[in-house]
There are 2 protein chains.
Amino acid sequence: MSKAPTTDGLAKAARKRKAPRPRKSSGDAATVNGDAPRIARMEDVARRAGVSLMTVSRALRFPDTVADDTRQRIEEASAALNYVGSRLAGQLATGRTRLVAVVLPDLRNPAFALAMQGLSDALGEEFELVVSGTHGVQSGEERVIRALLGYRPAALVVHGGRHDAATRDLLANSGIPVVEMGSLVTRSTSFMVGYSNRAAGKAATQHLIARGYRRIGFVSQPKRDNSRADERWQGFRAALAAAGLTPRPILEIETELGYERGAEVFAELRRRDRKLDAIFFTSDRWALGALFHCQREGIAVPGEVAIMGFDDLDIAALAVPALTTIHVPRYEMGWESGKLLRAQIAGQTLARRSVDLGFELKVRETT
Amino acid sequence: MSKAPTTDGLAKAARKRKAPRPRKSSGDAATVNGDAPRIARMEDVARRAGVSLMTVSRALRFPDTVADDTRQRIEEASAALNYVGSRLAGQLATGRTRLVAVVLPDLRNPAFALAMQGLSDALGEEFELVVSGTHGVQSGEERVIRALLGYRPAALVVHGGRHDAATRDLLANSGIPVVEMGSLVTRSTSFMVGYSNRAAGKAATQHLIARGYRRIGFVSQPKRDNSRADERWQGFRAALAAAGLTPRPILEIETELGYERGAEVFAELRRRDRKLDAIFFTSDRWALGALFHCQREGIAVPGEVAIMGFDDLDIAALAVPALTTIHVPRYEMGWESGKLLRAQIAGQTLARRSVDLGFELKVRETT
DNA sequence: TTGTAAGCGTTATCAA
DNA sequence: TTGATAACGCTTACAA
């Protein structure tokens, strides 16, 4: 008896010797003795169904392994108590979560919203998305990712491109499948799904040059904070160089996103060079703002100035004149990322580390 | 000795008597004896810093309660191991999570994206958003919410309006603060933050009537699946009735959202009534699609037909002619919901169960 | 087919 | 100021 006693009584006594943390009321979940209705636990269901905890766990996850009548009793009890299993507990126990963490520069950007929908669709119902925005600030990225990793997600989706050293480190050592969605640029340890912003920027510019435009303005978000902007700019410069055109920094403007800003920047660029004959806006929002501005002011597009956008928003094709722009497969990026992650979560080892979904130059009426 | 022995040895022996589940390698997280680098646990940090588990826990959460040098050692160890605490475990232990569940009809809708940003901003960094879309299908709502509740979120945000009985039940018994965001309509147990779609629909229609339009078309999403659509329609009908106009169901069309559909529906309505003098589109997307269509076809707006939108998308004000529409405070809805939830999570009991953020009729050039 | 015990990684409680 | 222990609600491994 003094050595390894086997009665429950003693074992439990041994466990409870020290002051235990007071547990929540252990009355049946339905029969609450207090005020707020306690959330039903699996144990409550078990008690009500007259079986053990484990039988409930099994009945809920592997219905076939439990006797029919038992299962039925459990299902009734579960429904009666409005039981919703704690995934926190479940996932802690299994070591696997069904969460996919998503880090985006800006939640309100419709382009990202589209990608998220694709991601969500590809992942299906068994996964949930935990989303966080960095407000476009690169320095915030590591903190946000770290916070998300605390939930031990099954996978991580970040917006591709440039990351600081700490972030790269975090991604590389996260121990979970990571997809960088959007840009295709850096050598990286993660999978990449997207297109080349540099190539797209170059293609857009080459189109303008091919159309005969020579004095071309360039509008983007601050390149310092925004790697996409920087890559598109590199493409822009590369196209100029390839055509033997001298870059004119005075015609390159950085500004915040927004339709109104498009009109302002348009006017500013024309002020800087009266003979400006085309502008490459790296977002349709500016381009459309400028286009409407021209319409209002009676400026002929592309007669006086050609306008090139980027993104191919839904309205781009409908505006009058219809906007020439670069189409990017937003939804598909999400979808492809989701498929890739599912495969990896399922244990597959994938070889290809990069999926180029390409882009499409949509030549319409503004160039 | 036979009664309540106090030595650790025996207590542990008693616990370990039966075949224990094989634990993961217990080597230091950095010195892995296998292949994949194990994620560091708090215990690893403790070992490395030469303190107990609890001291680490304290040092990380309440730095002030730990001796300076101890804390420093712990911070170093934590950094060296790239330690990221498991929120799964932490939140299971505390019974409180820092997750806010969000259920939206459609992730890709820019309007919802804006609200999400507001929500995220108001909640701040200590909360994460778990997001799920229902694809506009009301019947999917309960399942989605149930799945989300499994994560024991600190609060729940659903898109307001109509819910089926099972969903209402779930919301009422969730035991956490719930905000219905968007519509202000049903009596509900949850808080509501939004505006009255009915009032907005009525105001829009009254504006058209006041302008002298009498044969007014109405375009919306299927009212059956979409409570907002239904409420706006009720407002539409109410305005007609108040003005003594006879409703003409033939001029009411249901269709899917999309710019292109706007042009199609516009043409269809004009076919149904050649003397149609105005159309109330319950989304700017259709309205703008129709507007561009008119521009292309040389149809005078509002000369031949007046166009009224809903939502006040950014472009609405810039289009030529600028679109008359209803402005809805999307970002503010999210922000207000977030503030409300934070207060409730913090334990405050709030009296007001409904926040009417109103809407604004933006009279511009298309009416 | 069902049940028991141990463990997931953290925090609350109490003792030292 | 620090540490030992039980508990959070579930699942895995094993026994019955």
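Residue numbers start from 1 in every chain, and the chains themselves are labelled A, B, ... in the order their sequence lines are given, proteins ahead of strands. Quantities reported herein were computed from a predicted structural model and do not represent experimental measurements.
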Without decimals, in angstroms, what is the distance between [X] [atom1] and [N] [atom2]?
X	N	atom1	atom2	result
B:Arg71	D:dT1	CZ	P	10 Å
A:Asp64	C:dT2	CG	C1'	16 Å
B:Arg73	D:dT1	CZ	P	14 Å
A:Asp44	D:dG9	CG	P	9 Å
A:Asp69	C:dT1	CG	C1'	11 Å
A:Leu53	D:dC10	CG	C1'	7 Å
B:Tyr151	D:dC10	OH	C1'	14 Å
B:Arg61	C:dG9	CZ	P	17 Å

### Task
Looking at every strand, decide which applies to B:Tyr83 at a 4.0 Å heavy-atom threshold: base, sugar-phosphate, or nothing.
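If one applies the 4.0 Å heavy-atom cut-off, B:Tyr83 turns out to touch the sugar-phosphate alone, with no base involved.
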### Query
Just checking A:Arg96: base, sugar-phosphate only, or nothing, at a heavy-atom cut-off of under 4.0 Å?
sugar-phosphate
What pairs of donor and acceptor atoms, side-chain ones from residues 75-92 of chain A against any protein atom, are under 3.5 angstrom apart with sequence neighbours left out?
unit_1	atom_1	unit_2	atom_2	d
A:Ser86	OG	A:Leu88	N	3.3
A:Ser86	OG	A:Ala89	N	3.1
A:Gln91	NE2	B:Tyr151	OH	3.1

Using modelled atom types only, decide if a donor and an acceptor are shared between the side chain of [X] and the backbone of [Y] within a distance under 3.5 Å.
X	Y	result
B:Asn173	B:Asp169	yes
B:Gln117	A:Leu107	yes
A:Arg342	A:Ala122	yes
A:Thr97	A:Arg152	yes

### Message
Under a 3.5 Å cutoff, is there a donor and acceptor pairing between the side chains of B:Glu142 and B:Thr167?
### Response
no
From [options], nucleotide with atom closest to [X] side chain:
X	options	result
A:Val51	D:dC10, D:dT2, C:dG3	C:dG3
B:Ser52	C:dG9, C:dG3, D:dA4	D:dA4
A:Met54	C:dA5, C:dT10, C:dT2	C:dA5

### Message
Within residues 84-92 of chain B, which residues have any heavy atom lying less than 4.0 Å from an atom of DNA chain D?
### Response
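Correct list: B:Leu92.
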Report all side-chain donor-acceptor pairs from residues 63-70 of chain B shorter than 3.5 Å, counting only partners two or more places apart or in another chain.
unit_1	atom_1	unit_2	atom_2	d
B:Thr65	OG1	B:Phe62	O	2.8
B:Asp68	OD1	B:Arg71	NH2	2.5

### Query
Under 4.5 Å between any side-chain heavy atoms of B:Met42 and B:Met54, yes or no?
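A side-chain contact under 4.5 Å is absent here.
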Are OP1 or OP2 of [N] and a side-chain N or O of [X] less than 4.0 angstrom apart?
X	N	result
B:Thr55	D:dT2	no
A:Arg58	C:dT4	no
A:Thr70	C:dT2	yes
A:Ser57	D:dT11	yes

### Task
Select from A:Thr65 and B:Met42 the residue whose nearest nucleotide in DNA chain C is closer to the 5' end of that strand.
A:Thr65
